[in-house]
Chemist: 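Okay, here's the structure, questions in a sec.
Values in this document were obtained by computation on a predicted structure and should not be read as measured data.
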There are 2 protein chains.
Amino acid sequence: MSTGPSVKDVAALAQVSVGTVSNVLNRPDQVTPDKRKRVQAAIAQLGFVRNESARSLRSGSSRSLGMLVLDVRNPFFTDVALGAEDVAEDHKYSFILANSSEDARREQTYLDLFEEQRVQGILITPFGDVLQRLEAMRARGIPSVLVDRLAGSEDFCSVSVDDEAGGRTAMEHLIASGAERPAFVGGPFTLQQVADRHAGALAAAEAAGVALQVFETPNLKFERGRQIGDIIGDLRQSRRPDAVFAANDQLALGLLQSFTAKGIRVPDEIALIGFDDIDFASQSSIPLSSIRQPRQLIGERAAQLLFDEIENPGGHGHQQIVFTPELVVRASSRQG
Amino acid sequence: MSTGPSVKDVAALAQVSVGTVSNVLNRPDQVTPDKRKRVQAAIAQLGFVRNESARSLRSGSSRSLGMLVLDVRNPFFTDVALGAEDVAEDHKYSFILANSSEDARREQTYLDLFEEQRVQGILITPFGDVLQRLEAMRARGIPSVLVDRLAGSEDFCSVSVDDEAGGRTAMEHLIASGAERPAFVGGPFTLQQVADRHAGALAAAEAAGVALQVFETPNLKFERGRQIGDIIGDLRQSRRPDAVFAANDQLALGLLQSFTAKGIRVPDEIALIGFDDIDFASQSSIPLSSIRQPRQLIGERAAQLLFDEIENPGGHGHQQIVFTPELVVRASSRQG
DNA sequence: TCCTTTTTATGAATCGATTCATCTGTGAAT
DNA sequence: ATTCACAGATGAATCGATTCATAAAAAGGA
């Protein structure tokens with residue numbers, strides 16, 4: 001129940017001043033080896049652990065980074081997070097991963113938390129309408145970088161892929177493979193990624209002179225894919241799409257599971273392509289075609305941009321890094 | 001650059017004392033509606049955000065939970081984390097997820113971090129030798145619950161499945177399906193889960209009078225499975241196992257990918273079973289047999305036990321919850 | 001030896017929210 | 001009219017590590 005030993009206790013035991021203890025903790029080479037050892041011994045003996053709250057209260061800085069993703073269950077985001085975490089570790093920052101679950105309320109709650117904890121910077125894949133808030137936070141000294149989402153303005157750094165190009169590529173591929181009644185599955189359209197991927201697909205469809213059916217979903221999760229799969233599967237043949245572009249691989253895998261269960265042959269009856277190219281895409285029952293994003297690299301670059309701004313707030317110019325996604329064709333959309 | 005407004009500024013603007021501001025923040029119903037509204041208006045006007053460091057320094061408590069998992073890329077753990085996070089949210093606690101990546105050094109680093117941040121409790125799937133440290137932390141007021149790992153002693157709460165039974169079930173199934181040269185793939189054996197799953201498999205093999213080959217791996221990741229798959233695939237027919245039990249699904253999927261690439265037929269030439277039954281298991285190129293664990297439920301129960309101890313440190317009795325895992329047979333081990 | 005520069009050490013002041021002993025004002029009871 | 005009880009409000013003291021101006025000690029230089 002005790003609050004544990006403090007620097008004072010350590011100082012007393014080592015017979016030095018509290019300032020010296022603090023120096024051993026933060027600038028060990030400015031302390032005589034003799035005293036340094038005495039202090040370290042005292043720390044070990046008492047089991048002293050520095051109170052981070054007191055530290056960051058006084059010093060103002062917290063040495064931690066927050067990352068807020070749309071869905072931790074999506075391997076795409078854990079891969080991105082891993083890349084970012086590596087960079088954070090190199091800088092000796094701790095890394096707090098939070099999950100908005102595509103829920104605007106949770107997103108706000110976690111931003112509150114980050115702000116209260118005075119994290120030094122935020123990596124975020126926004127869900128709701130948070131850009132204004134992020135700008136306000138930057139003004140108060142907490143910068144942020146948009147991840148997997150192009151900054152519309154020059155006010156943010158962002159690391160993303162060209163979702164529209166990705167969407168276009170996916171749809172062109174489906175049409176080139178013979179699709180006559182293609183569909184897009186995904187949502188919500190307030191999510192920029194979804195809107196862009198759809199816009200690209202629509203452009204490709206229009207260019208080819210075919211109509212694009214749309215099935216809007218409230219989120220991009222596996223379960224939802226299964227549900228839409230059931231709906232699509234139950235359509236009568238003439239109205240049923242013969243090719244589906246899903247806004248991400250989770251949805252696509254859900255669709256695939258439903259189709260498989262219903263005995264719908266993929267790609268013969270319905271061709272299918274996803275987005276992200278998560279590891280499991282290549283391993284699904286029918287290997288899934290997808291649009292590949294450089295997952296870890298996105299995380300690394302985003303963290304690097306964030307550190308650039310943290311360490312050099314004045315001379316930092318906002319940058320938008322945009323990767324070009326890559327078509328990966330597998331059995332789910334290969335021409336029969 | 002400013003440090004932002006503090007309670008003092010709010011108090012000045014609202015023309016009340018700092019104590020009243022604090023009361024509005026923490027016990028709003030003890031403040032006259034009139035003043036309460038003035039304070040809230042001032043907070044909004046200044047954009048005041050409470051400094052969590054100062055709060056928890058003074059009050060001693062942090063209202064946050066730490067969770068340390070072996071591998072965030074493994075969907076098993078994100079599912080468990082999700083269950084725990086839900087419970088944490090119900091209690092209005094924030095939830096910090098960290099990733100030891102099966103690395104003892106990182107594990108210690110994150111425990112340091114949790115301790116420095118004075119989290120109220122820890123959920124951990126231990127990798128290295130940390131039980132003593134966890135006991136010391138409990139003595140200092142930070143309790144922990146072991147996740148996916150049975151506590152050997154009565155000193156901890158734990159939520160796990162019976163890994164030995166799971167291992168036995170898996171191996172019995174392989175043998176019943178005709179395996180004559182079964183193998184176990186997994187590691188390191190210092191990981192209790194791995195040791196137990198292997199022990200169960202070994203017991204089943206001995207009972208059936210067949211030898212069990214072992215391929216030890218340094219971790220349980222996808223990549224490693226692919227590597228071992230290549231090694232196994234290159235063995236000459238007579239020495240090559242005809243059935244493999246992998247210590248988790250990630251490994252199993254890696255093995256499967258390698259086998260598929262090498263043209264080895266599963267299950268005809270080599271039968272395969274994993275452990276965890278992650279969502280993707282049912283969706284792999286050849287649907288993967290597995291031993292199912294109740295993933296979210298494990299996380300929920302663990303968090304509940306932790307809260308029980310946090311909120312009632314005196315009258316808390318340690319509990320070991322052990323779920324019985326369940327065999328799920330799919331194509332990867334179905335008799336030909 | 002004495003003076004200057006550099007290196008180490010000291011400890012009071014500080015960060016910002018919370019706590020709690022104390023004070024004020026209102027209304028009920030005598 | 002006087003006392004008592006009590007809800008509300010106050011603000012100085014507090015949590016623990018860091019900072020920084022200052023002092024002391026050590027190392028060079030003349």
Chemist: I want to check one thing: is the phosphate of C/dT19, taken as OP1 and OP2, less than 4.0 Å away from some side-chain N or O of B/R27?
Modeler: yes
Chemist: Which nucleotide sits closest to the side chain of A/A54: C/dT18, C/dG11, D/dA17?
Modeler: D/dA17
Chemist: Students often get this wrong, so: under 4.0 angstrom with heavy atoms, is B/V21 touching a base, only sugar-phosphate, or nothing?
Modeler: nothing
Chemist: Without decimals, in angstroms, what is the distance between A/R118 CZ and C/dG16 C1'?
Modeler: 9 Å
Chemist: Would one find a side-chain N or O of A/R50 under 4.0 angstrom from OP1 or OP2 of D/dT18?
Modeler: yes
Chemist: Does a side-chain N or O of A/T20 approach OP1 or OP2 of C/dA9 to a distance below 4.0 Å, or not?
Modeler: no
Chemist: CD of A/Q30 versus P of C/dT6: gap in Å, rounded?
Modeler: 15 Å
Chemist: To the nearest angstrom, how far is A/R58 atom CZ from C/dC15 atom C1'?
Modeler: 6 Å
Chemist: Given side chain to side chain contact (heavy atoms under 4.5 Å, CB included), test B/L146 with B/L131 step by step and report yes or no.
Modeler: CA-CA 10 Å; B/L146 306 187; B/L131 295 188; 4.1 Å; yes
Chemist: On the nucleotide D/dA25, are OP1 or OP2 found under 4.0 Å from the side-chain N or O atoms that A/K35 carries?
Modeler: no
Chemist: What is the separation between atom CG on B/N23 and atom C1' on C/dT19, rounded to the nearest whole Å?
Modeler: 10 Å
Chemist: Could you tell me how far apart B/Q117 (CD) and D/dG16 (P) are, to the nearest whole angstrom?
Modeler: 17 Å
Chemist: Please report the distance, rounded to the nearest Å, between CG in A/N26 and P in C/dT8.
Modeler: 17 Å
Chemist: Could you tell me whether the side chain of A/R55 has a donor or acceptor atom within less than 3.5 Å of a complementary atom in the base of D/dT18?
Modeler: no
Chemist: Salt-bridged, A/E85 to B/R73, with N to O below 4.0 Å?
Modeler: no
Chemist: Counting side-chain heavy atoms from CB outward, which of C/dT18, D/dT18, C/dG11 is closest to A/S17?
Modeler: C/dG11
Chemist: Between P on C/dT19 and CG on B/L25, what's the gap in Å once rounded to a whole number?
Modeler: 11 Å
Chemist: Just how far, in rounded Å, is P of D/dT19 from CG of A/L57?
Modeler: 12 Å
Chemist: Between B/Q15 and A/S22, who's closer to the 5' end of DNA chain D by nearest nucleotide?
Modeler: B/Q15
Chemist: In a check of side-chain hydrogen bond (donor to acceptor under 3.5 Å, both in side chains) between B/S53 and each of A/S59, A/S53, A/S56, A/S62, which one passes?
Modeler: A/S56
Chemist: Tell me whether the OP1 or OP2 atom of C/dT7 has a side-chain N or O from A/T32 closer than 4.0 Å.
Modeler: no
Chemist: Does C/dG16 have its OP1 or OP2 closer than 4.0 Å to a side-chain nitrogen or oxygen of B/S6?
Modeler: no
Chemist: Please test A/Q45 against A/L13 for side chain to side chain contact (heavy atoms under 4.5 Å, CB included), starting from the C-alpha separation and ending with a verdict.
Modeler: CA-CA 9 Å; A/Q45 186 181 332; A/L13 180 58; 3.7 Å; yes
Chemist: Using the side chain to side chain contact (heavy atoms under 4.5 Å, CB included) rule, take B/F156 and B/R138 through it: C-alpha gap first, then chi angles, then the decisive distance, then the call.
Modeler: CA-CA 10 Å; B/F156 287 95; B/R138 156 167 309 118; 3.8 Å; yes
